[in-house]
Chemist: 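Shown below is the structure under consideration.
As the structure is a computational prediction, the values presented were derived from the model and not from experiment.
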Amino acid sequence: YQGQAWLILGVSVTGGLLYADEFERMQQPSNTNWSGQLRVDYAISREMKNQQGGKLYVQDVLSEEAEMLWTKLEEGAIIYFCGLKGMMP
């Protein structure tokens, strides 16, 4: 894999995070398979706040990183959204 991956995980509480240890290991500089290629951001709605002081959701992370997101899209990035039906606005 030669590209970059940006994963935004949205859960209500930290206990709901999946594979946090694995993602952390993948981001370590010593991991030559993924070094610099994986970015992981979390949106933990009951524990984190958005810029307006409300709950932080995945769409808030995307909004806060809009400039980078649009640059990536203009360069040919592909976006996958997954989650429970009805959760995305």
Chemist: With heavy-atom distances below 4.5 Å as the criterion, would you say the side chains of Val13 and Glu47 are in contact?
Modeler: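 SC-SC contact between Val13 and Glu47 confirmed.
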Chemist: Kindly indicate whether the side chain of Tyr57, heavy atoms from C-beta on, has any atom under 4.5 Å from the side chain of Asn50.
Modeler: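 The answer is no, as the side chains (C-beta and beyond) never meet within the 4.5 Å cut-off.
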Chemist: Scan Thr14, Leu9, Val11 and name whichever one has a side chain to side chain contact (heavy atoms under 4.5 Å, CB included) with Tyr42.
Modeler: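 Exactly one pass, corresponding to Leu9.
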Chemist: Please name the pair of heavy atoms, one in Asp60 and one in Lys55, separated by the smallest distance, quoted to 0.1 Å.
Modeler: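 That would be OD2-O, 3.2 Å.
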Chemist: Test question: given the 4.5 Å side-chain rule for I, L, V, M, F, W and Y, name all other residues clustered with Ile78, or answer none.
Modeler: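 Its cluster mates, by chain and number, are Tyr80.
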Chemist: Just list the side-chain donor-acceptor pairs under 3.5 Å for residues 62-74, sequence neighbours left out, or say none.
Modeler:
| residue | atom | partner | partner atom | Å |
| --- | --- | --- | --- | --- |
| Glu65 | OE2 | Arg39 | NH2 | 3.1 |
| Thr71 | OG1 | Glu67 | O | 3.0 |
| Lys72 | NZ | Gln4 | OE1 | 2.5 |

Chemist: Mind listing the closest non-hydrogen atom pair of Ser12 and Ser45 along with its distance?
Modeler: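 Here Ser12 and Ser45 meet closest at CA-OG, 3.4 Å.
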Chemist: Would you check if Val61 and Leu56 make a side-chain contact, meaning some heavy-atom pair closer than 4.5 Å?
Modeler: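 Side chain of Val61 against side chain of Leu56, heavy atoms only: contact under 4.5 Å found.
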Chemist: Distance from Ile8 atom CD1 to Gln59 atom CD, nearest 0.5 Å?
Modeler: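 It comes to 10.0 Å.
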